[in-house]
There are 2 protein chains.
Amino acid sequence: MTGQARRVTRHFRNSHVESQDLRRAGLKVTLPRVKILEILASASAHHLSAEAIYKKLLDSNEDIGLATVYRVLTQFEAAGLVSRHHFEGGMAVFEMNRGDHHDHVVCVDCGKVEEFTDESIEKLQSAVAERLGFALADHALILYAHCRRENCPSRKTRGA
Amino acid sequence: MTGQARRVTRHFRNSHVESQDLRRAGLKVTLPRVKILEILASASAHHLSAEAIYKKLLDSNEDIGLATVYRVLTQFEAAGLVSRHHFEGGMAVFEMNRGDHHDHVVCVDCGKVEEFTDESIEKLQSAVAERLGFALADHALILYAHCRRENCPSRKTRGA
DNA sequence: ATAAATGCAAAGACTTTGCAGCGGC
DNA sequence: GCCGCTGCAAAGTCTTTGCATTTAT
């Protein structure tokens with residue numbers, strides 16, 4: 001409730017960058033949109049569900065409804081700002097579009113997602129599509145695997 | 001509407017084979033299960049949604065509920081008889097497990113799905129996983145493309 | 001000031017579950 | 001005849017939509 005305008009400068013700069021993204025997308029610069037964009041841009045986990053974003057907003061004491069989160073994410077997707085993935089499981093997750101293409105490895109034990117790119121695989125995909133008489137438009141490659149790491153044990157059912 | 005019991009022999013043989021599949025899976029051989037298995041085994045499109053299977057059952061004048069379709073499909077999945085995919089779009093589709101692994105090309109214009117395999121890609125996937133410190137368990141590769149064919153035009157929004 | 005964006009709650013799409021009756025073994 | 005399976009309908013998730021109010025420009 002206090003601390004209204006501290007560190008105005010930095011806050012302003014961040015907002016400014018994101019505001020431009022929104023303007024470019026033809027979207028009015030509103031608090032919910034800026035906040036959601038910030039969350040997506042700074043999330044440690046690159047992939048967030050609508051619910052997860054909603055919770056983060058609540059944590060920040062933002063009074064933004066879940067419906068708005070979905071609406072905004074859909075708009076962002078249409079604007080090309082974010083991508084929506086379904087992986088296996090029915091629940092959609094969203095991630096910022098940073099221009100760089102990449103595929104995903106999902107740990108079947110802890111659900112952690114990592115990203116990667118492999119030029120050779122990319123090329124082979126185009127080749128396969130050609131061979132089958134298709135013109136490749138896009139693709140989704142998800143590797144399901146066990147990540148053998150300390151910070152990613154099977155005990156943790158769902159890491160945040 | 002006519003032609004009730006023609007080619008009994010073949011029909012019998014098919015049923016028999018499928019019954020064994022069910023028994024092996026530890027499932028009682030019931031009409032709904034056999035019917036659903038038949039539909040999955042003989043579908044021209046390899047991938048069917050629960051709804052699609054349900055409609056086919058209705059077409060065959062079988063009085064089987066949608067709930068049962070879902071239940072049976074879930075059991076089949078648990079038994080390893082079928083696989084469930086989500087592709088992009090949230091609606092699950094099911095396909096028979098024929099032992100052979102393959103990946104998918106989905107036409108973004110008409111939704112038609114084709115299958116393929118590519119040894120080189122498979123190998124590269126394992127290599128990538130290794131490199132990242134993962135033990136590859138499974139994967140999903142979906143190519144989204146435009147199929148330039150007469151029988152697959154963009155006009156048909158949803159082919160059955 | 002005005003048109004667009006939001007919040008709430010209600011509806012929607014897909015899937016699962018509870019319970020009484022039917023059916024395979 | 002027994003236990004499991006089915007159908008129906010109701011409940012559950014995740015997501016979208018309608019409408020009055022709020023907000024950015």
Side-chain angles (χ1 to χ4, degrees), chain A residues 12 15-16 18-37 39 47-55 57-58 60-79 81-94 111 158, chain B residues 15-16 18-37 39 47-55 57-58 60-79 81-94 158:
Chain A
F12 179 80
S15 296
H16 192 227
E18 274 133 19
S19 299
Q20 291 193 334
D21 289 338
L22 289 173
R23 284 178 194 294
R24 257 177 237 131
L27 296 170
K28 209 175 258 186
V29 179
T30 64
L31 185 67
R33 303 221 253 238
V34 173
K35 278 293 172 188
I36 292 174
L37 208 47
I39 287 176
H47 304 80
L48 297 174
S49 65
E51 191 72 33
I53 293 172
Y54 178 57
K55 280 180 187 149
L57 288 169
L58 293 186
S60 309
N61 275 82
E62 297 297 338
D63 199 5
I64 296 175
L66 181 55
T68 300
V69 174
Y70 276 107
R71 242 179 322 223
V72 168
L73 286 173
T74 302
Q75 293 161 344
F76 284 3
E77 188 191 15
L81 285 175
V82 309
S83 298
R84 183 193 304 240
H85 300 287
H86 282 92
F87 297 153
E88 301 294 310
M91 204 166 167
V93 294
F94 300 82
R158 291 221 159 192
Chain B
S15 296
H16 192 226
E18 274 136 19
S19 299
Q20 291 195 333
D21 288 339
L22 290 173
R23 283 177 196 295
R24 254 177 239 133
L27 297 170
K28 210 175 258 187
V29 179
T30 65
L31 185 67
R33 304 220 253 238
V34 172
K35 279 292 172 189
I36 292 174
L37 207 48
I39 287 176
H47 305 80
L48 297 173
S49 65
E51 192 72 31
I53 294 173
Y54 178 58
K55 280 179 187 150
L57 287 170
L58 294 185
S60 309
N61 276 83
E62 297 296 339
D63 199 6
I64 296 175
L66 181 55
T68 299
V69 174
Y70 275 107
R71 241 179 322 220
V72 168
L73 286 172
T74 301
Q75 293 161 345
F76 283 4
E77 188 192 14
L81 285 174
V82 310
S83 297
R84 183 193 303 241
H85 300 287
H86 283 92
F87 298 155
E88 300 295 309
M91 203 166 168
V93 294
F94 300 82
R158 291 222 161 194

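- The CG-C1' distance, from B:Leu22 to D:dC5, rounds to 13 Å in whole Å.
- Mapping B:Tyr54 and B:Gly26 onto DNA chain D via the closest heavy atom, the residue that lands nearer the 5' end is B:Gly26.
- Residues A:Tyr54 and A:Leu48 have side chains not in contact (no heavy-atom distance under 4.5 Å, counting atoms from C-beta outward).
- At whole-Å resolution of the value, CG in A:Leu58 and P in C:dG7 are 11 Å apart.
- Between A:Lys28 atom NZ and A:Ser19 atom OG the span is 14.0 Å, to the nearest 0.5 Å.
- Protein atom CZ of A:Phe94 is 12 Å distant from nucleotide atom C1' of D:dT16, rounded to whole Å.
- Out of D:dT15, C:dC25, C:dT6, the shortest distance to the side chain of A:Ala92 is found at D:dT15.
- For B:Thr30 and D:dT6, the shortest distance from a side-chain N or O to OP1 or OP2 is below 4.0 Å.
- With C:dT15, C:dT6, C:dC25 as the candidates, the nucleotide lying closest to the side chain of A:Arg71 is C:dT6.
- Proximity note for A:Ala67 (side chain, C-beta onward) versus C:dA9, C:dT15, D:dT15: the nearest is C:dA9.
- Using a 4.0 Å heavy-atom criterion, one finds that B:Thr68 contacts the bases of the nucleic acid, with or without backbone contacts as well.
- Whole-Å rounding puts the A:Ile36 CD1 to C:dT6 P distance at 8 Å.
- Separation of atoms CD (A:Glu62) and OG1 (A:Thr68) is listed at 12.0 Å; rounding is to 0.5 Å.
- Considering only the side chain of B:Asp63, D:dC8 comes nearest among D:dT25, D:dT15, D:dC8.
- The nucleotide whose nearest atom lies closest to any side-chain atom of A:Val29 is, among C:dT6, C:dC25, D:dA24, D:dA24.
- For A:Gln75 and D:dT15, the CD to P distance is 16 Å, given to the nearest whole Å.
- Taking CD1 of B:Ile39 as the reference point, atom NZ of B:Lys35 lies at 7.5 Å (rounded to 0.5 Å).
- When the nucleotides C:dT6, D:dT6, C:dC25 are ranked by their closest atom to the side chain of B:Lys28, C:dC25 comes out on top.
- When side chains are defined from C-beta on, B:Arg84 counts as touching B:Thr74, because their heavy atoms get closer than 4.5 Å.
- Looking at heavy-atom distances under 4.0 Å, B:Ile64 makes contact with sugar-phosphate atoms alone, never a base.
- Using a 4.0 Å cut-off, some side-chain N or O of B:Arg33 falls inside it from OP1 or OP2 of D:dT6.
- For C:dT16, one of the phosphate oxygens OP1 or OP2 lies less than 4.0 angstrom from a side-chain nitrogen or oxygen of B:Thr74.
- Taking atom CG on B:Leu73 and atom P on D:dT6, their separation rounds to 11 Å, with Å as the unit.
- For B:Tyr70, no side-chain nitrogen or oxygen approaches OP1 or OP2 of C:dT16 to under 4.0 Å.
- Between A:Lys35 atom NZ and D:dA24 atom C1' there is a gap of 17 Å when expressed in whole angstrom units.
- Checking D:dG4, D:dC14, C:dT16 against every side-chain atom of A:Met91, the shortest atom distance belongs to D:dC14.
- Note that CZ of A:Phe76 and CG of A:Asp21 are 9.0 Å apart. Values are rounded to the nearest 0.5 Å.
- Atom CG in B:Leu66 sits roughly 14 Å away from atom P in C:dT17 (whole-Å rounding).
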